[in-house]
There are 2 protein chains.
Amino acid sequence: MATAWDRQRAALREEITETARTLFVEKGFDATTVDEIAQAVGISRRSFFRYFGTKEDVVLGDLTGRADALARALAARPADEDPWTALRTAMLDSRSETFTDVRSDLAITRMMRDTPSLRARKFEKRQYWSEVLTPLVAERITEGDATVRAAAVVAAVLACVDIASDVWAESGGTADIVAVYDEAVAALRD
Amino acid sequence: MATAWDRQRAALREEITETARTLFVEKGFDATTVDEIAQAVGISRRSFFRYFGTKEDVVLGDLTGRADALARALAARPADEDPWTALRTAMLDSRSETFTDVRSDLAITRMMRDTPSLRARKFEKRQYWSEVLTPLVAERITEGDATVRAAAVVAAVLACVDIASDVWAESGGTADIVAVYDEAVAALRD
DNA sequence: TGCCTACTTGGCACCGAGTGACAGGTAGGC
DNA sequence: GCCTACCTGTCACTCGGTGCCAAGTAGGCA
């Protein structure tokens with residue numbers, strides 16, 4: 001019966017996230033130390049690292065889980081659908097669970113864009129997205145080198161998502177993120 | 001007359017690079033400490049950080065300089081050339097100065113691919129590439145939102161270069177890197 | 001020749017992220 | 001009521017990176 005513990009663990013994890021993000025927005029990401037976060041939450045510094053591998057992970061959240069959700073949504077698409085349509089639809093389908101935190105805080109998205117160490121970690125996790133999505137996309141490539149082409153399509157789509165996210169953050173949340181994404185993709189496909 | 005000093009400085013910088021890369025290949029990047037590098041070169045740990053801002057920079061080399069070279073080559077292309085052709089040609093033109101280290105060591109490229117902290121730094125520098133190239137590419141975009149479209153094209157092209165580089169490294173240096181790049185780009189433009 | 005100045009270097013102390021090891025406490029099973 | 005996990009805090013340590021200061025060295029100038 002690990003459920004009780006798991007619940008406790010999830011709750012504490014949530015509390016760390018909430019407290020840390022508040023501090024980050026107040027003082028800036030780099031200026032906030034793990035000690036301060038731990039103290040604010042009321043746990044030891046060591047325990048913080050038992051819940052989050054790095055300070056960056058608190059901001060980035062469950063990116064790998066969202067990659068898996070997107071992968072499931074992509075796999076659920078008809079096999080004869082072209083990669084671009086399939087990826088776009090899959091992202092929209094899994095958006096409710098995928099973009100929760102994007103909606104939750106504009107400041108966080110801006111911070112991810114402006115803080116080098118966060119950007120770096122984000123790209124590191126993006127690597128995982130590519131690894132998960134590329135084989136699924138490869139099944140939808142009918143001509144040429146499927147692996148190379150799939151990798152290119154996935155990388156391009158993720159880049160377009162990034163661009164859309166950046167424009168959205170820069171607009172203060174007013175820009176239509178899907179429209180910007182479509183515009184970015186249009187640039188690639190004439 | 002700073003030339004004498006500059007020469008000295010450049011020579012030492014080269015020596016640090018050479019020594020460090022040898023150690024990296026021998027022991028692995030993470031397992032090699034800055035102290036070991038400094039001691040092997042015969043300088044203090046503090047001086048090392050006066051020549052390289054981070055340990056990663058020793059491996060990555062002058063990526064920003066290469067970005068500037070590529071930007072110059074791109075600007076030299078005819079104004080009416082489409083972005084894809086212009087970028088491809090510009091990369092080939094600046095390749096001799098751009099890909100010196102790629103040719104120099106397959107092990108280094110592999111290390112960049114397999115070491116998380118190096119990958120992260122590389123993407124960080126890639127950000128600079130985007131910032132430099134996007135405005136130049138935007139001038140070649142005739143329809144739609146030029147900024148967004150230029151950002152998308154640049155990001156896609158850089159992603160394709162990455163893919164080609166990865167395939168090249170994985171093949172042990174036998175793959176035709178330009179052919180892989182063309183294949184990747186073909187995936188985006190049908 | 002001798003001084004002055006600018007620049008470099010090394011050493012020291014320090015900070016912050018992240019890790020391993022150990023001891024103590026607490027909840028659940030028997 | 002004990003035993004067994006598991007979680008937690010504490011301590012010590014490594015390593016990357018930075019600020020500061022004193023010492024040294026090369027070149028310019030009188």
Side-chain angles (χ1 to χ4, degrees), chain A residues 1-17 19-21 23-24 26-60 111-112 115-125, chain B residues 1-17 19-21 23-24 26-60 111-112 115-125:
Chain A
M1 188 61 70
T3 305
W5 266 337
D6 282 358
R7 227 193 312 269
Q8 192 74 16
R9 183 172 176 83
L12 184 49
R13 199 182 151 91
E14 190 61 31
E15 191 185 341
I16 295 173
T17 303
T19 307
R21 291 194 178 189
L23 286 173
F24 289 155
E26 275 178 14
K27 306 183 46 177
F29 180 80
D30 289 324
T32 307
T33 68
V34 172
D35 291 84
E36 288 171 334
I37 301 170
Q39 190 176 355
V41 179
I43 60 175
S44 74
R45 165 192 167 69
R46 192 65 182 86
S47 283
F48 172 89
F49 284 111
R50 291 198 178 98
Y51 283 84
F52 294 93
T54 68
K55 196 172 81 169
E56 285 78 15
D57 286 350
V58 181
V59 179
L60 295 180
M111 205 168 66
M112 283 177 52
T115 309
S117 63
L118 282 173
R119 266 198 310 247
R121 270 281 185 225
K122 190 178 78 178
F123 279 115
E124 198 52 39
K125 303 241 175 176
Chain B
M1 189 61 72
T3 307
W5 265 337
D6 282 359
R7 226 193 311 270
Q8 193 74 15
R9 184 173 173 83
L12 184 48
R13 198 182 152 91
E14 191 61 32
E15 192 185 341
I16 295 173
T17 303
T19 308
R21 291 195 177 186
L23 287 173
F24 290 155
E26 275 178 13
K27 307 182 49 179
F29 181 79
D30 290 323
T32 306
T33 68
V34 173
D35 291 84
E36 289 171 334
I37 301 169
Q39 190 175 355
V41 179
I43 61 175
S44 74
R45 163 194 170 69
R46 192 65 184 86
S47 284
F48 172 89
F49 283 112
R50 291 199 179 97
Y51 284 85
F52 294 94
T54 68
K55 197 172 82 169
E56 285 80 13
D57 287 350
V58 181
V59 178
L60 295 180
M111 205 169 65
M112 283 177 51
T115 309
S117 63
L118 282 174
R119 266 197 311 246
R121 272 282 185 224
K122 190 177 76 177
F123 279 115
E124 197 53 38
K125 304 240 176 181

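In what follows, chains carry the letters A, B, and so on, assigned in the order in which the sequence lines appear, proteins first and then strands, with residues in each chain numbered from 1. Below, each value reflects all heavy atoms present in this structure, side chains not excepted, and no hydrogens, waters or symmetry copies.
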Q) Once you round it to whole Å, what is the distance between C1' of D:dT8 and CG of A:L12? A) 11 Å
**Q.** B:R9 to B:Y51, cation-pi by 6.0 Å centre distance and 45° axis angle
**A.** yes
Q) Looking only at heavy atoms, what is the nearest atom pair of B:E124 and A:A120, with distance? A) OE1-N, 4.1 Å
(Q) Minimum heavy-atom separation for A:F52 and A:V58, please, with both atom names. (A) CG-CG2, 3.6 Å
Q. Just how far, in rounded Å, is C1' of D:dC7 from CZ of A:R9?
A. 9 Å
**Q.** Partner residues of A:E36 under the side-chain hydrogen bond (donor to acceptor under 3.5 Å, both in side chains) criterion, sequence neighbours left out
**A.** A:K27
Q) Nearest to the side chain of A:K55, which nucleotide is it out of D:dT8, C:dA17, C:dG10? A) C:dA17
(Q) Please classify the nucleic acid contact of A:F48 as base, sugar-phosphate, or nothing, using heavy-atom distances under 4.0 Å. (A) nothing
Q.
Classify A:Y51 by what it touches in the nucleic acid, base, sugar-phosphate, or nothing, heavy-atom distance under 4.0 Å.
A. sugar-phosphate
Q.
Could you tell me how far apart B:F52 (CZ) and D:dC15 (P) are, to the nearest whole angstrom?
A. 21 Å
Q.
Treating primed atoms plus P, OP1 and OP2 as sugar-phosphate and everything else as base, which nucleotides of nucleotides 19-24 of chain C get B, S or - for protein heavy atoms under 4.0 Å?
A. BBB---
Q) Between B:M112, B:E56, B:K55, which is the residue that forms a side-chain contact (heavy atoms from CB on, under 4.5 Å) with B:R121? A) B:E56
Q. To the nearest Å, how far apart are A:D30 CG and C:dC15 P?
A. 17 Å
Q) Just checking A:S117: base, sugar-phosphate only, or nothing, at a heavy-atom cut-off of under 4.0 Å? A) nothing
Q. By a strict heavy-atom criterion of less than 4.0 Å, which residues belonging to residues 33-44 of chain A are in contact with DNA chain C?
A. A:T33, A:V34
Q: Mind checking the CD1-CG spacing from B:I16 to B:D57? Nearest 0.5 Å is all I need.
A: 12.0 Å
